[in-house]
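Take a look at the structure set out below.
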Amino acid sequence: SHAHIRIDVTGPGTLPLLQRGSPSLALNPSPTGAATAFAGVTVLIDPMPDGIRLYVDRPAAPHIWHWLSTVLTAPKDHP
């Protein structure tokens, strides 16, 4: 639908990224299609074999994209 933007998140860092964005996904990293809070907004979740698909309301898509970009480019914590 034109009301949502689809963002596919795949790769080896998918699980930690999802857990950081959503406490619900930290508890259940493989939801079976549900709406959940992610990075402060509600998204629809669709699991994929190699990751997850997020459906984001169009007005919230820039926020999610910025959040993903920021988290992915942030320096890693070092002890």
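Numbers here are sequence positions counted from 1. Worth saying up front: this structure is predicted, and the values here are computed from it rather than measured.
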Tell me the closest heavy-atom pair linking [X] and [Y], and the distance in Å.
{"X": "A39", "Y": "I64", "answer": "CB-CD1, 3.9 Å"}
{"X": "V9", "Y": "M48", "answer": "O-CE, 4.5 Å"}
{"X": "L17", "Y": "F38", "answer": "O-CE1, 4.3 Å"}
{"X": "I5", "Y": "A61", "answer": "CG1-CB, 3.6 Å"}
{"X": "L54", "Y": "I45", "answer": "CD2-CD1, 3.4 Å"}
{"X": "S22", "Y": "A37", "answer": "OG-O, 2.9 Å"}

Identify, with sequence neighbours excluded, every residue that meets salt bridge (Lys or Arg N to Asp or Glu O under 4.0 Å) alongside R6.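 Salt bridge (Lys or Arg N to Asp or Glu O under 4.0 Å) list for R6, sorted by chain: D8.
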Going by the rule side-chain hydrogen bond (donor to acceptor under 3.5 Å, both in side chains), which residues pair with D57 if we only count those two or more places apart in sequence or in a different chain?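 In terms of side-chain hydrogen bond (donor to acceptor under 3.5 Å, both in side chains), with neighbours along the sequence ignored, D57 is linked to H4.
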Quick one: ring-ring contact (aromatic ring centres under 6.0 Å, His included) pairs with a partner in residues 39-66, sequence neighbours left out?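 Matches after skipping sequence neighbours: none remain.
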Non-neighbouring partners of T42 that pass side-chain contact (heavy atoms from CB on, under 4.5 Å), sequence neighbours left out: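 For T42 the side-chain contact (heavy atoms from CB on, under 4.5 Å) partners, ignoring immediate neighbours, are A35.
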Joint hydrophobic cluster, V41 plus L68, side-chain heavy atoms closer than 4.5 Å: yes
